Trainee: 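Dumping the structure here so I can ask a few things about it.
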Amino acid sequence: MIRKIESLLDEVKAFVPKGLAEVEEFRIRMLGKKGAITALFDEFKTASAEQKRELGQAMNRLKTAAVEKINDLKARLEELAFASSDASSLALDMTRPAGADRVGARHPISLVRNRILEIFGRIGFVPAEGPEIEDDWHVFTALNFPPEHPARDMQDTFFVEKGPDVLLRTHTSSIQVRVMQTQQPPIRVICPGRVFRNEAISYRAHCIFHQAEGLYIDQNVSFADLKQTILYFAKEMFGEKSEIRMRPSYFPFTEPSTEVDVSCNLCGGKGCAVCKHTGWLEIMGAGMVDPNVLAACGIDSSKYSGFAFGMGVERIAMLKYGVKDLRLYFENDLRFLRQFTPVL
Ligand code: DAH
């Protein structure tokens, strides 16, 4: 009997099938009702107790080897059959049209930022950028925020290091400072960038958002130039019929300062839910650059004057697209992003 067991074990080890059908045949020949291994177990039942002790282990080893080999062969051949049927259909169908790649799209914030750059670019404003990690001087001090002035509280700041302070810029006005430090008038720049504030995230506030800052410094720049520039922007961005209005405001870096509203483009100024029935939507802060700021940046304030303005890119996008939940701009949900086409 032991010789029979060994020769069957050799047969199991040596078995190489040509296909799945042969594996099944082999299984029946070995383990089927009338199979060789099954027959051996029948014979084993009649053996003496001593023989059983001797042969038991070898019998089990044979059966396990056969079952494992069959299962393994079946799994591998099934996988192979699946893969090759797939590959052959792909390889052979030469007429099948190529799958079209989905074309990517720009993020709505990029679309609006690019549009802002383009509108101001047409009247001579060149893009300028600056670092996101800034120091206190460029973000506050040079912009006429006195050390303990409550205006610093207007913007909750993320500090990287204290004394001397390194921080994440809270507005793009810091780029104005860097430009004025390195260029002499005439200066005409539009400065886009990310800004950071320690705000709780909600539908109307986020700790990261985008601004675009404008700066124009030359001889005899007046408030009328500011007004006309912003009116031009509003008409280009929101439509020819747009009007603007300016409300007095306060910023440490401009004097006088103003907040600018544009007539609601959804109701044409008649009043609706979006403009809270006022007919107006706030779009930016602006003003004449404070002489202290010019002086801090090395520009002669007796010779030059200028205006500056700053707007939130998300805010403009919100008004342009009617998407009022700010968080959608940061979640990168493809179902949201795929809805945007370039702003014309
Ligand atoms: N930096 C201001 C803010 O983040 C926006 C701003 C207001 C920018 C007036 C300006 C300006 O250049 O003149 O709220």
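Please read these numbers as outputs of a predicted model, since none were measured by experiment.
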Trainee: Do Phe209 and Tyr329 have their ring centres less than 6.0 Å from each other?
Mentor: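 Centroid distance Phe209-Tyr329: not below 6.0 Å, so no.
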Trainee: Using atom types as modelled and distance alone, determine if a side-chain donor or acceptor of Arg338 lies under 3.5 Å from a backbone N or O of Asp333.
Mentor: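 Not confirmed, Arg338 side chain does not pair with Asp333 backbone.
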Trainee: Side-chain contact test, heavy atoms from C-beta onward, threshold under 4.5 Å: evaluate it for Cys272 versus Cys264 and give yes or no.
Mentor: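 Yes, side chains in contact.
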Trainee: Nearest 0.5 angstrom please: Leu337 CG to Glu331 CD, how far?
Mentor: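 These two atoms lie 10.0 Å from each other.
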Trainee: Is there a donor-acceptor contact under 3.5 Å from the side chain of Gln339 to the main chain of Arg335?
Mentor: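 Side chain of Gln339 to backbone of Arg335: a pair is present.
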Trainee: Establish, from distance only, whether the side-chain atoms of Asp136 and Thr141 form a donor-acceptor pair under 3.5 Å.
Mentor: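 Per modelled atom types, Asp136 and Thr141 side chains form a pair under 3.5 Å.
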Trainee: Provide the closest heavy-atom pair for Tyr321 versus Leu111 in the form atom of the first, atom of the second, distance.
Mentor: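 Nearest heavy atoms, Tyr321 then Leu111: OH-CD1, 3.6 Å.
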Trainee: Is there a path of hydrophobic side-chain contacts, each under 4.5 Å between heavy atoms, that joins Ile28 and Leu8?
Mentor: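 Unlinked, Ile28 and Leu8 end up in two clusters.
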Trainee: Step by step, work out the side-chain contact (heavy atoms from CB on, under 4.5 Å) result for Leu215 and Arg188.
Mentor: CA-CA 6 Å; Leu215 176 72; Arg188 229 179 297 166; over 6 Å; no
Trainee: Just wondering, more than 12 heavy atoms not from Gln181 lying within 6.0 Å of its CD?
Mentor: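 Result for CD/Gln181: enclosed.
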Trainee: Charged N to carboxylate O below 4.0 Å: is that the case for Arg245 and Asp261?
Mentor: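 Judged by the 4.0 Å cut-off on N to carboxylate O distance, Arg245 and Asp261 do form a salt bridge.
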Trainee: Short question: side chain of Ser110, backbone of Arg106 - any donor-acceptor pair under 3.5 Å?
Mentor: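 Judged by distance alone, no pair lies under 3.5 Å.
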Trainee: Nearest 0.5 Å please: distance from the CG atom of Asp10 over to the CG atom of Leu62.
Mentor: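 The CG atom of Leu62 is 10.0 Å from CG of Asp10, to the nearest 0.5 Å.
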Trainee: Measure the shortest side-chain to side-chain distance between Glu236 and Glu118 over non-hydrogen atoms and say whether it is less than 4.5 angstrom.
Mentor: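 Heavy-atom side-chain distance check fails, nothing below 4.5 Å.
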Trainee: Does Ile208 belong to the same Ile/Leu/Val/Met/Phe/Trp/Tyr cluster as Ile201, with side-chain heavy atoms less than 4.5 Å apart forming each link?
Mentor: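 As far as the 4.5 Å side-chain criterion goes, Ile201 and Ile208 are not connected within one cluster.
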Trainee: Does Phe44 reach the side chain of Leu55, with side-chain heavy atoms less than 4.5 Å apart?
Mentor: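 Counting from C-beta outward, Phe44 and Leu55 do come under 4.5 Å.
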Trainee: Write out all pairs satisfying ring pair (Phe, Tyr, Trp, His ring centres under 6.0 Å) with one or both partners inside residues 213-243, taking only residues at least two apart or from two chains.
Mentor: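 Applying ring pair (Phe, Tyr, Trp, His ring centres under 6.0 Å) to every pair that reaches into residues 213-243, excluding sequence neighbours, yields Phe120-Phe233, Tyr216-Phe307.
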Trainee: Check whether any side-chain heavy atom of Tyr203 sits under 4.5 Å from a side-chain heavy atom of Leu326, and report yes or no.
Mentor: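 No, every pair of side-chain atoms sits at 4.5 Å or beyond.
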Trainee: Give a yes or no on whether Trp280 and Ile316 share a hydrophobic cluster (residues Ile, Leu, Val, Met, Phe, Trp, Tyr; joining criterion: side-chain heavy atoms under 4.5 Å apart).
Mentor: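 Result: no, two separate clusters.
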Trainee: Please report the shortest heavy-atom distance between Pro252 and Asn144, naming the atom on each side.
Mentor: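 In terms of heavy atoms, the two residues are closest at O-ND2, 2.9 Å.
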Trainee: With sequence neighbours excluded, tell me which residues meet side chain to side chain donor-acceptor pair (under 3.5 Å) with Gln211.
Mentor: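 Side chain to side chain donor-acceptor pair (under 3.5 Å) list for Gln211, sorted by chain: Thr172.
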Trainee: For the backbone of Ser242 and the side chain of Ser263, can you confirm whether one donor and one acceptor N or O come within less than 3.5 Å of each other?
Mentor: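 Absent.
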Trainee: Between Glu24 and Arg27, is the closest basic N to carboxylate O distance under 4.0 Å?
Mentor: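 Salt bridge flag = yes for Glu24 with Arg27.
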Trainee: What distance do Glu199 atom CD and Thr170 atom OG1 have between them, rounded to the nearest 0.5 Å?
Mentor: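 The CD atom of Glu199 sits 10.5 Å away from the OG1 atom of Thr170.
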Trainee: At their closest point, which heavy atom of Lys63 faces which heavy atom of Leu31, and how far apart are they?
Mentor: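 What the structure gives for the nearest pair is CG-CD2, 4.3 Å.
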Trainee: Between atom CZ of Arg178 and atom CD of Gln183, what is the distance when rounded to the nearest 0.5 Å?
Mentor: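 Separation between the atoms: 13.5 Å.
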Trainee: Count the heavy atoms belonging to other residues, nucleotides or ligands that lie under 6.0 Å from NZ of Lys227, then report whether that count exceeds 12.
Mentor: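 Atom NZ in Lys227 is not crowded, with 12 or fewer foreign heavy atoms closer than 6.0 Å.
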Trainee: For Leu281 and Asn265, what are the C-alpha separation, side-chain angles and deciding distance, and is it a side-chain contact (heavy atoms from CB on, under 4.5 Å)?
Mentor: CA-CA 9 Å; Leu281 301 159; Asn265 58 337; 4.1 Å; yes
Trainee: Please say yes or no: joined through hydrophobic side-chain contacts below 4.5 Å, possibly via intermediate residues, are Phe26 and Phe41 part of one cluster?
Mentor: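 Yes, same cluster.
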Trainee: Measure centre to centre between the rings of His171 and Phe253, then say whether the value is under 6.0 Å.
Mentor: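 Judged by ring-centre distance (under 6.0 Å), His171 and Phe253 do meet the cut-off.
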Trainee: Take Val260 and Met246 through the test side-chain contact (heavy atoms from CB on, under 4.5 Å) and record every step on the way to the result.
Mentor: CA-CA 5 Å; Val260 184; Met246 291 175 146; 4.1 Å; yes
Trainee: Between Lys69 and Phe15, is NZ or CZ placed under 6.0 angstrom from the six-membered ring centre and within 45° of the ring axis?
Mentor: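 No cation-pi geometry.
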Trainee: From Ser174 OG over to His138 NE2, what is the distance, rounded to the nearest 0.5 angstrom?
Mentor: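 So the gap between those two atoms works out to 8.0 Å.
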Trainee: Compare every heavy atom of Gly287 with every heavy atom of Thr258, then report the nearest pair and how far apart it is.
Mentor: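 Heavy atoms of Thr258 and Gly287 come nearest at CG2-N, 4.3 Å.
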Trainee: Should the heavy atoms of other residues, nucleotides or ligands under 6.0 Å from CZ of Arg122 be counted, would the total exceed 12?
Mentor: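 Yes - once you tally the heavy atoms of other residues, nucleotides and ligands closer than 6.0 Å, there are more than 12.
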Trainee: So, are Arg29 and Glu11 salt-bridged, with charged N and O less than 4.0 Å apart?
Mentor: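 Yes, Arg29 and Glu11 are salt-bridged.
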Trainee: Between Val112 and Met237, is there a side-chain heavy-atom distance shorter than 4.5 Å?
Mentor: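 Sidechains of Val112 and Met237: in contact.
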Trainee: Counting only heavy atoms from other residues, nucleotides and ligands, does the tally under 6.0 Å from CD of Gln219 exceed 12?
Mentor: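 For Gln219, atom CD is crowded (more than 12 foreign heavy atoms under 6.0 Å).
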Trainee: Do Leu168 and Val160 have side chains that get closer than 4.5 Å, going by heavy atoms?
Mentor: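 Sidechains of Val160 and Leu168: in contact.
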Trainee: Is any NZ, NE, NH1 or NH2 atom of the basic residue among Arg315 and Glu282 found under 4.0 Å from an Asp or Glu carboxylate oxygen of the other?
Mentor: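 No.
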Trainee: Contact between Ile299 and Ile187 at the side-chain level, heavy atoms closer than 4.5 Å - yes or no?
Mentor: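 Yes, at least one pair of side-chain atoms sits under 4.5 Å.
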Trainee: Supply the atom-to-atom distance Glu259 CD to Arg247 CZ, rounded to the nearest 0.5 angstrom.
Mentor: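 Nearest 0.5 Å value for the CD-CZ distance: 5.0 Å.
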Trainee: Quick check: Phe196 with Phe158 (ring centres under 6.0 Å apart)?
Mentor: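 That pair fails the under 6.0 Å test.
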Trainee: Over all heavy atoms of both residues, which pair between Glu314 and His210 is shortest? Give the atoms and the distance, please.
Mentor: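 Closest approach of Glu314 to His210: OE2-ND1, 2.6 Å.
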Trainee: Please determine whether residues Val221 and Leu231 belong to a single hydrophobic cluster, defined as Ile, Leu, Val, Met, Phe, Trp and Tyr linked transitively by side-chain heavy-atom distances below 4.5 Å.
Mentor: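 Same cluster: Val221 reaches Leu231 through Ile, Leu, Val, Met, Phe, Trp or Tyr contacts under 4.5 Å.
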Trainee: Write down the atom of Leu226, the atom of Ala308, and the distance for their closest heavy-atom approach.
Mentor: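 Where Leu226 meets Ala308 most closely, the heavy atoms are CD1-O, 4.3 Å.
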Trainee: Quick one, His206 and Arg197 - any side-chain contact, counting heavy atoms below 4.5 Å?
Mentor: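 No, too far: nothing below the 4.5 Å cut-off.
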Trainee: Walk me through whether Ile37 and Met59 qualify under side-chain contact (heavy atoms from CB on, under 4.5 Å).
Mentor: CA-CA 8 Å; Ile37 296 176; Met59 294 279 295; over 6 Å; no
